[in-house]
Amino acid sequence: MLWYILIGILCLLAGLALGFFIARRYMMTYLKKNPPINEQMLQMMMAQMGMKPSQKKINQMMNAMGKQQEKEVKPKKKK
């Protein structure tokens with residue numbers, strides 16, 4: 001009887017851990033394909049701050065945000 005309880009608890013913990021990592025991977029790929037901020041949103045934000053956004057400035061900001069996102073996704077190497 002004790003073995004059934006232990007196996008049930010172990011399966012529950014393994015399922016929770018596996019579910020967490022699957023959900024994390026799914027969200028990372030979803031956010032990479034569909035970033036939360038696009039060019040139109042960035043242009044609107046800059047206009048609200050009183051800036052006149054040029055396409056060059058918008059492209060620079062989008063590239064900077066993309067590089068920042070890639071930096072956060074990559075695992076850090078230990079020396």
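Hydrogens, waters and symmetry mates are skipped; everything else that's a heavy atom, side chains included, is used. For clarity, every value in this text was computed on a predicted model and none was experimentally measured.
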- Message: Using every non-hydrogen atom in the two residues, find where Q43 and P53 come nearest and quote the distance to one decimal.
- Response: CG-CG, 3.7 Å
- Query: Going by side-chain heavy atoms closer than 4.5 Å, which hydrophobic residues are tied to L12, directly or by a chain of links?
  - Reply: L16
- When rounded to the nearest 0.5 angstrom, what is the spacing between CE in M51 and CE in M45? 9.5 Å
- When clusters are formed from ILVMFWY side-chain contacts under 4.5 Å, directly or step by step, what else is grouped with F20? F21
- Counterpart residues, side-chain contact (heavy atoms from CB on, under 4.5 Å), relative to N63 (two or more places apart): none
- Item | Residues which pass side-chain contact (heavy atoms from CB on, under 4.5 Å) with M65, listed by chain and number, not counting sequence neighbours | I37, L42, M62
- By side-chain contact (heavy atoms from CB on, under 4.5 Å), which residues pair with L13, not counting sequence neighbours? I9
- Contacts of K56 meeting side-chain contact (heavy atoms from CB on, under 4.5 Å) (sequence neighbours excluded), chain-then-number -> S54, Q60
- How many angstroms lie between CD1 in I58 and CD in Q40, if you round to the nearest 0.5 Å? 10.0 Å
